[in-house]
Amino acid sequence: MAQKPSIPKGTRDFGPQIMVRRNYIFDTIRNIFKRYGYQPIETPAMENLSTLLGKYGEEGDKLLFRILNSGDFIAGMDSSENLTSEKLAPFISEKGLRYDLTVPFARFVVQYRNDITFPFKRYQIQPVWRADRPQKGRYREFYQCDVDVVGSDSLLNEAELVQIVDDIFNQLNIKVLVKINNRKILAGIAEYIGSPESLTDITVAIDKLDKIGVEKVNAELSEKGISVESIKLLQPILFMQGSSREKISRLETLIGQTSIGAKGIAEVSQLFDYLDNMELKLPYELDLTLARGLNYYTGAIFEVKALDVAMGSICGGGRYDDLTSIFGLPDVSGVGISFGADRIYDVLNELALFPETTTETTFALFVNFGKAEENYCLPYLWKLRQAGVNAEIFPDSDKMKKQMRYADQKNIPVVIIAGEEEMNKKQFTVKWMQSGEQQTVESDALIEILTGFNNLPNR
RNA sequence: GUGGUUGUAGCUCAGUUGGUUAGAGCAUCAGAUUGUGGUUCUGAGGGUCGCGGGUUCGAGCCCCGUCUCCCACCCCA
């Protein structure tokens, strides 16, 4: 007995009808990326582990898929030593699947720095892999659609990214909220409350504010060794209400004296100046509880959430000042944002927002009655294809019932029938599947008639 | 990594207090219909009941282990 076919946990197959919808998402995103002047690149599925490790924090390292070395990697090892998997790991694996597109991009920029004209605006649509436990909206293989610009400090780039977000989700008809924050503000807060070293703990804790409430956040903070004094100082920040502008001015009185905090405030208010003049359709707000776990961010951070469906963020990004310097190219700042195509698919699916796309790929099918009929049809099939009509001939002279059924299941709107009678009269019988109507056409007129219908605006 | 849940035909699921040969719908294939699909009718194929062990005269059902699926947490797109 053959074993039951299956695919690894957290991965999916995509059939033709799903691919039509996925391509709708990819095409929409890609077209908008291009319109803003971004250029495509691709990088390999696997990177050296030295490229990937340490860029995503402790959690991220654990979620990296590692690739086993080829060959007998165990041969030269001293078996008398007490081997832990930690010690073993570098010997048996030196490559890993990419975890995101930003870090490989930073590597790419440094590697080809002499060929790149800065500022470099690139987009990249490729799958990434994470050894996570799958659940709703979470997969082990999923596509990210990244736009980044490196080599420019201007906040105009941040503003443009928000504009792209606005553009894309308007076109996809998804209602979203764009949350904006700045790592420098978070650092300023940490400094203000007197524990700048625990920036990460603080951000992770306040990120959970709307989920678990103030009391549990405070409990977690003191658990992490943050003093009662500091937690007290933090409260007015946690409870801050009002519009983004009001928050900014109140922040000034709190963390304005810290130099990093002042810098963050200046950046955010400049960004909001840009955004307020852009007439964006989607709501955006300053959210001080937005932290984002990826630890390479240094300035603005973004996150986009769908409003009408319970789902993790469908889009996120930020500015990273030091990512290229890790690979040996200092002073090149970048900023970018990543669209999660698979989650966007789930949102569109759940809200039934996919447009009525035609799943049909073939417009006309020639029925196959045998060798002679084949020879009669083939020149016309060729002409139809040359005229830009998607057409095919059934490859076997099976029963007509089976061929009609094939057309029906594949949603092919036109079936062209030519048997002995039609051949003798140099004609074709054209059947319109939806109405069931049939018409007899002269063979010379076939191409013209079908191209005319094929160009109708509704197709 | 932590917690919960699920597993029976290709898919969705029934299956009584443990009892003879494990069922249905959908899908597939064939026929009714040798040049006409989506409807209908008839028939057929398809199963190591996730896997391994145990209890029992007897296990799809009870017990233990294990894997898997989905969900939540952590974290994230």
Chemist: Could you report the tightest heavy-atom contact between T51(A) and V103(A), atom names first, then the distance?
Modeler: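 Minimum heavy-atom contact is O-CG1, 3.5 Å.
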
Chemist: Of the nucleotides A32(B), A77(B), A72(B), which one has an atom closest to the side chain of K401(A)?
Modeler: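 The closest nucleotide is A32(B).
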
Chemist: In whole Å, what separates the C1' atom of U56(B) from that of C67(B)?
Modeler: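 That atom pair is separated by 26 Å.
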
Chemist: By nearest heavy atom, map S313(A) and P134(A) onto RNA chain B; which one lands nearer the 5' end?
Modeler: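 Checking each residue's closest nucleotide, the 5'-ward one belongs to P134(A).
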
Chemist: Could you state the atom-to-atom distance from CD1 of I168(A) to C1' of A77(B) in whole Å?
Modeler: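 It is 14 Å, rounded to the nearest whole Å.
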
Chemist: Between G37(B) and Y406(A), is there a base-stacking contact, meaning the centre of the base's six-membered ring lies under 5.5 Å from the residue's ring centre while the planes stay under 30° apart?
Modeler: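 Here Y406(A) fails the 5.5 Å or the 30° condition.
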
Chemist: Looking only at the side chain of E59(A) (C-beta and beyond, no hydrogens), which of the listed nucleotides A32(B), C74(B), G35(B) gets closest?
Modeler: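 Of the options given, the side chain of E59(A) lies nearest C74(B).
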
Chemist: Would one find a side-chain N or O of K62(A) under 4.0 angstrom from OP1 or OP2 of C75(B)?
Modeler: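 No, no such contact exists.
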
Chemist: If you measure from the P atom in G10(B) to the same atom in C62(B), how many Å do you get, rounded?
Modeler: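 Looking at atom P only, G10(B) and C62(B) are 24 Å apart.
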
Chemist: Does a nitrogen or oxygen in the side chain of R405(A) sit under 4.0 Å from OP1 or OP2 of U28(B)?
Modeler: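 For R405(A), the contact criterion (side-chain N or O under 4.0 Å from OP1 or OP2 of U28(B)) is met.
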
Chemist: On a whole-Å scale, what distance lies between the C1' atoms belonging to U21(B) and G58(B)?
Modeler: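 My reading of the C1' atoms in U21(B) and G58(B) gives 15 Å.
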
Chemist: Is the Lys NZ or Arg CZ of R130(A) less than 6.0 Å from the centre of Y99(A)'s six-membered ring, within 45° of the axis?
Modeler: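 Geometry flag: set, cation within 6.0 Å and 45°.
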
Chemist: Do K431(A) side-chain and U36(B) base share a donor-acceptor contact under 3.5 Å?
Modeler: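 Looking at the base of U36(B), it does pair with a donor or acceptor on the side chain of K431(A) (distance under 3.5 Å).
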
Chemist: How would you label the contact of F339(A) with the nucleic acid (heavy atoms, under 4.0 Å): base, sugar-phosphate, or nothing?
Modeler: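 Nothing, no heavy atom under 4.0 Å.
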
Chemist: Looking at every strand, decide which applies to I417(A) at a 4.0 Å heavy-atom threshold: base, sugar-phosphate, or nothing.
Modeler: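 The answer is base, as I417(A) lies within the cut-off (heavy atoms under 4.0 Å) of a base atom.
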
Chemist: Please state how far atom CZ in R138(A) lies from atom C1' in C74(B), giving the value in whole angstrom units.
Modeler: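 For the pair R138(A) CZ and C74(B) C1', the rounded distance is 8 Å.
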
Chemist: Considering only atom P, compute the distance from U5(B) to C41(B) and round it to an integer number of Å.
Modeler: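 Roughly 43 Å separates the two P atoms.
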
Chemist: Please measure how far the C1' atom in G46(B) lies from the corresponding atom in A22(B), and state the result in whole Å.
Modeler: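 Pairwise C1' distance, G46(B) against A22(B), rounds to 14 Å.
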
Chemist: Look at the side chain of E422(A) and decide which nucleotide, out of A32(B), C76(B), G35(B), has an atom nearest to it.
Modeler: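 Looking only at heavy atoms from C-beta outward on E422(A), the closest nucleotide is G35(B).
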
Chemist: Would you say Q135(A) places a side-chain N or O within less than 4.0 Å of OP1 or OP2 belonging to C70(B)?
Modeler: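 So the side chain of Q135(A) is outside the cut-off, no N or O lying under 4.0 Å from OP1 or OP2 of C70(B).
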
Chemist: Mind telling me whether F105(A) and F120(A) have parallel, tilted or perpendicular rings, with 30° and 60° as the class edges?
Modeler: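 Tilted, since the angle between the ring planes falls between 30° and 60°.
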
Chemist: Given U28(B), G35(B), C71(B), which nucleotide is nearest the side-chain atoms of E421(A)?
Modeler: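 Selected nucleotide (nearest to the side chain): G35(B).
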
Chemist: Under a 3.5 Å cut-off for both contacts, is C70(B) paired Watson-Crick or G-U wobble with anything, and if yes, with which nucleotide?
Modeler: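 Answer to the pairing question: G4(B), which forms a Watson-Crick or G-U pair with C70(B).
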
Chemist: Using a heavy-atom cut-off of under 4.0 Å over every strand shown, decide if Q434(A) touches base, sugar-phosphate, or nothing.
Modeler: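 Contact class for Q434(A): base.
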
Chemist: Using the P atom as the reference point in each nucleotide, state the distance between G50(B) and C11(B) in Å, no decimals.
Modeler: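 Going atom to atom, P in each nucleotide, I get 13 Å.
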
Chemist: Taking the six-membered ring for Trp, are Y36(A) and Y123(A) ring centroids under 6.0 Å apart?
Modeler: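 So the answer is no for these two rings.
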
Chemist: Atom OH of Y99(A) to atom C1' of A77(B): distance rounded to whole Å?
Modeler: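 These atoms are roughly 10 Å apart.
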
Chemist: Provide the Watson-Crick or G-U wobble partner of U17(B), both distances under 3.5 Å; none if there is no partner.
Modeler: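 Here U17(B) is not engaged in any pair, so there is no nucleotide opposite it.
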
Chemist: Can you tell me how the ring of F33(A) sits relative to the ring of F339(A), calling it parallel under 30°, perpendicular over 60° and tilted otherwise?
Modeler: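 If you compare the ring of F33(A) with that of F339(A), the planes turn out tilted.
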
Chemist: If you look at every strand shown and take non-hydrogen atoms under 4.0 Å, does K9(A) touch a base, only sugar-phosphate, or nothing?
Modeler: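 Sugar-phosphate, backbone atoms only, no base.
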
Chemist: Tell me if the aromatic rings of Y345(A) and F354(A) count as close, with their centers under 6.0 Å from one another.
Modeler: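 For Y345(A) and F354(A), the ring centres are under 6.0 Å apart.
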
Chemist: So, does the side chain of Q438(A) form a donor-acceptor pair with the base of U36(B) at under 3.5 Å?
Modeler: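 Side chain to base: pair found, below 3.5 Å.
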
Chemist: How is E141(A) classified with respect to the nucleic acid when contacts are heavy atoms under 4.0 Å: base, sugar-phosphate, or nothing?
Modeler: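 Nothing, no heavy atom under 4.0 Å.
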
Chemist: Roughly, in whole Å, what's the span from CG in N368(A) to P in G35(B)?
Modeler: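 Rounded to whole Å, this separation is 13 Å.
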
Chemist: How many whole angstroms separate atom CZ of R140(A) from atom C1' of G1(B)?
Modeler: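 After rounding, the gap between these two atoms is 12 Å.
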
Chemist: Separation of D408(A) atom CG from G37(B) atom C1', in whole Å?
Modeler: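 Taking CG of D408(A) and C1' of G37(B), I get 4 Å after rounding.
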
Chemist: Taking the same atom, P, in G47(B) and in U8(B), what whole-Å distance lies between them?
Modeler: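 Looking at atom P only, G47(B) and U8(B) are 15 Å apart.
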
Chemist: Starting from the 5' end of RNA chain B, give me the residue, R133(A) or G436(A), whose nearest nucleotide shows up first.
Modeler: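 The answer here is R133(A).
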
Chemist: Measure centre to centre between the rings of F394(A) and Y406(A), then say whether the value is under 6.0 Å.
Modeler: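 Yes, ring centres under 6.0 Å apart.
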
Chemist: Is the closest side-chain donor-acceptor distance between Q17(A) and R21(A) under 3.5 Å?
Modeler: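 Short answer, no.
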
Chemist: Mind calculating the distance between NZ (K402(A)) and P (A30(B)) to the nearest angstrom?
Modeler: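 Interatomic distance, NZ of K402(A) to P of A30(B): 6 Å.
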
Chemist: Side-chain N or O of K399(A) versus OP1/OP2 of G31(B): is the shortest distance under 4.0 Å?
Modeler: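 For G31(B), OP1 or OP2 has a side-chain N or O of K399(A) closer than 4.0 Å.
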
Chemist: Just how far, in rounded Å, is P of C76(B) from NZ of K305(A)?
Modeler: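 Atom-to-atom, K305(A) to C76(B), this comes out as 13 Å.
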
Chemist: Which value, in whole Å, describes the distance between the C1' atoms of nucleotides G23(B) and G60(B)?
Modeler: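 Roughly 12 Å separates the two C1' atoms.
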
Chemist: Select one nucleotide: of C74(B), C76(B), G35(B), the one nearest the side-chain heavy atoms of R343(A).
Modeler: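 So the nucleotide nearest the side chain must be C76(B).
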
Chemist: Among U36(B), C69(B), A77(B), which nucleotide has an atom closest to any side-chain atom of R130(A)?
Modeler: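 Nucleotide nearest to R130(A)'s side chain: A77(B).
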
